[in-house]
Each structure stands twice: as structure tokens, then as C-alpha cells.
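Note that the structure is a prediction, hence the values are computed from the model and not measured. We name chains A, B, ... by the order of the sequence lines, and we start the count at 1 in each one.
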There are 2 protein chains.
Amino acid sequence: MELTTAEENYLKAIYHLSDGGKKSVSTNDIAAEIKTKPASVSDMLRKLGDKEVIEYRKYYGVNITEEGKKRALGTIRKHRLWEVFLVEKLQFAWDEVHEVAEELEHIQSPLLIQRLDAYLNYPKFDPHGDPIPDEFGDVKARPRVALNEMELEQTGQIVAVKDSSAAFLRYLDKVGAYIGARIKVLDKVEFDGSLEILVDQKKTLFMSKDVAANILVQQS
Amino acid sequence: MELTTAEENYLKAIYHLSDGGKKSVSTNDIAAEIKTKPASVSDMLRKLGDKEVIEYRKYYGVNITEEGKKRALGTIRKHRLWEVFLVEKLQFAWDEVHEVAEELEHIQSPLLIQRLDAYLNYPKFDPHGDPIPDEFGDVKARPRVALNEMELEQTGQIVAVKDSSAAFLRYLDKVGAYIGARIKVLDKVEFDGSLEILVDQKKTLFMSKDVAANILVQQS
DNA sequence: ATATATTTTTAGCCTATCCTAAAATCGAAA
DNA sequence: TTTCGATTTTAGGATAGGCTAAAAATATAT
């Protein structure tokens, strides 16, 4: 059964909020995510339930079905492939692509996506470092490495810290290295293993090997 | 003022049916073009009139305004740029691109189109040989040449015949060289000036120089 | 355990776009 | 010029998606 653009957007939101289908999701949370009113969400949930892409029990939130998961992953795949296209071929900055990809992801043409995928050389990750599901909906888990183990020029996103003491987090905060920050290794000093890092394509930052060893990066 | 997808489609249809704004267009003709009912067209014409992209006098058909022309040309530009992309970059056949381009043409992002244009190296014609309006809505008139004057490998579309005798047309019909046919010069025989032509990317066709001299081609 | 607060749903309404059936208008022929 | 056929518009209704206000159900706190 065909989904409308609005339905695809709801399903994608539910997929994300449910952490890939692991948790159930509330009406209010969906409304906040989609920037719409809870009443509108209730309406849509009834429809998505009828189409069996979610399991909907009134007042108890929704769970995404296997079919729904497949659909959501299809939309996510399209979104991320378009993001790669925009950044790699059309020179968009990585933070300019989201809105346009939001539109492009609803174009209906399996052939188009197949060809685009090939044209981009079957990328596994989008410009934000998020994995691109393959045509079957399988996603490649992104390897996580300690920042000090990364090579020159490599890029990634800070996803976790090993040392979560207040002191360490306060330090990270001060230098502007938050969870989610996009980083690139600009330099590694042989002598002491300290690094020069580009954060969010804006500011550079020096850190010791010890600090870097406590920062986990999801590579792109 | 923003136009919806439906409004853009109506405007594009009116633009084409009016031969670029030269003639006025009837409700019935629009309905046929859009594959909708005349009653729906009346509705939409009122709206487009309110938005001043057409001039609408009940019962007397519509004329497109300058503003409307500009909008229509913008949509046509996007459509044709996407067609070039699909054919040149994603290896679509020239007759597979229309439906997808119908969807892509409604993506709203001036930056996207600007970048796409540059990426495609500012093409002047789409894969069907139709001219691509520039960002100001100006279109380059396509030169027409006699088929016998074309060079090897050149492509184009048959747009007219010099000799329109029944005999000649019957001959063209027999060999499958109709007005609108997409052709490519595969070979030119030095000795007698006869040609080998690829028609519609499917069948090849041999013709004498005399025949070719009577066929006018719009080059791409 | 009951009262209150929060969440969710329902009811009713709006706009966009489409439809069918009926009414209005136009234009051409007698 | 009157009438008749074709075209066009209007009227009224459907569906998709959104909104507000009010009702209903659930969750929480005393």
C-alpha cells in the first residue's frame, strides 16, 4: 500500500522516537517531533494503524510493526543518500542539506534510488555520520574508536566518553567538545600524542592524548 | 507568493497549451491536459486568477500573465535540468525520465537548482532536445539544420520536412522517420553523401543525401 | 482510594483538491 | 432571433491533513 508524504513523515518520526522500534512512543512525543498538535497525531495514528505499519492501542502509545520499520528505513535510506549527493556532488555544506533532503526523500522511484546509490558508489554513511540502510533495510553498525587512535584527516562524531566524571565533562564543555560534535583530526604530535582537532568545521582545539583517549568517536 | 504543486502543474499546462503565452486557453483543454475534470479546472482557475499568475474571465478562457510565465518557466527549467541529470549522470534512458522529473521539478530550493545547473555544466537543452530556460526565464532558440548537413555522432529531433508531398511523407512513414523522432547520425558515406541514422535509440536507417536534405532537424 | 493533573481522543470546523450533477452561458444553425 | 448543443461554472460532497475546544481516559499524589 502506498503511503502519503505525511504518512511517511509520521512513520519516520515514530521510528526515530522508538529507537528503531525498540520502545513504544507517545502521542505527545510524536506531536512535538512533527511540530503538530496531539489531536492531529491521534487522527494519523488511526490511519497508520489501519495500514498496519504501526500497532495502535488507544491511550497506550504506538509500536512500529515490521512492515512499518521497513517503510521507515526505506525513507531514511532515501534521505541519507540524497544528503550524500548534495554534499559530495553539489557542494552543499553538511548543515545545509537536511531541509532539501526532507523533500527529496519522498520522490517515488525505486530505479532512481538504485541508480543514485550506484552513482554515489554505495555509501554506507551520510555526511552526518549516520548509517545508510541498504535496500533490504540493513544498517552497518559504525565502528567506534577512541579519538587518540584516529588517523590524520579522519572525520567523525563524538558519541560517548569513557570517563564521565564531572571534571572531565566540564572540561569538554569548556572547550566545546560536546556529544554529537563533528570532528576532524588536523594534526597529531608524534612526541606526546596530543592532537589538533577541528570541531564542527569551525574552531580548532588542542588536546592531550589522555583526554583524547577518553573520547569515543563514531567515524565517518 | 508560494504556489502549491497542483498550482505549478496547472500553470505549466497553461503555459504549454498557450504556446508560451501567445494564445488563450480553454477550460476543457486544460482538463484534458491535466487529466482532470473541467469543474476542477474552473475551481483552480479562480485561485490562479486571485494569485495573478493568469488573467481569468469566466467563460472566455485564460491568458497567462508575465508573472505566471516567469513561474511556469521556472518549473520547466527545473524539470529539464533534472532530466539532464537523470540521463547524463544516472544513466536513465531518455524516455524513462519524464515521470520522475515531474516529481523532482516541485522541490523548492533555489540553491539546489543553481548547484545542479553548475554540476551539469549549464546545459542548454534537455535529453528530448527541448531548451532549458536560464534563471531569468530566457530560452535559447534551437538551430534547425537539414539532416544531410549534420556531422557524425550529432543528435537531434526531426521537426519538419521541406518536401511535404504525399510520396515523401509516405516514404518517411514507411521507414519510421516521423516528425518528433529522435535521431543520431551514425555514419556518412563520403562517396554519395548518404547517411546511416539511429532512430529513437532503436532502429537504424539508411537514406540518400536527397532524402536527408528534405528533413529538418532540431539539433541537441 | 480518591481527587487532581496530565495525556489522549473526539467532535466539529477549515483549506486544498478532486469529483458528479445540475445550472448557466455562449455561440452557431435554422 | 430563437433555439439547441457544447462549454463552463456552480453547488454540494468526498478525502487528506491540520486546528481548537471539550470530553474521556490514564497517571499521580496525598
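B:Leu48 has its CG atom 12 Å from the P atom of C:dA16, to the nearest Å. One can place CG of A:Asn28 at 13 Å from C1' of D:dT26, the figure rounded to the nearest angstrom.
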Can you list, pair by pair, the side-chain donor-acceptor contacts under 3.5 Å of residues 37-51 of chain A, counting residues two or more places apart and other chains?
residue : atom : partner : partner atom : Å
A:Lys51 : NZ   : A:Glu2  : O            : 3.2
A:Lys51 : NZ   : A:Glu7  : OE1          : 3.0
A:Lys51 : NZ   : A:Glu7  : OE2          : 3.2

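Annotation: cation-pi geometry satisfied between A:Lys89 and A:Tyr119 (NZ/CZ under 6.0 angstrom from ring centroid, within 45° of ring axis). Both tests pass for A:Arg115 against the ring of B:Phe92: distance under 6.0 Å to the centre and angle within 45° of the axis.
Residues satisfying the ring pair (Phe, Tyr, Trp, His ring centres under 6.0 Å) test with A:Tyr10, not counting sequence neighbours, are none.
Contact check for B:Glu102 versus B:Asn9: side-chain heavy atoms found under the 4.5 Å cut-off.
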Annotated protein contacts, base or backbone, on nucleotides 9-25 of chain D with a non-hydrogen cut-off under 4.0 Å, one of B, S, - each: BB-----SSSBBB---S

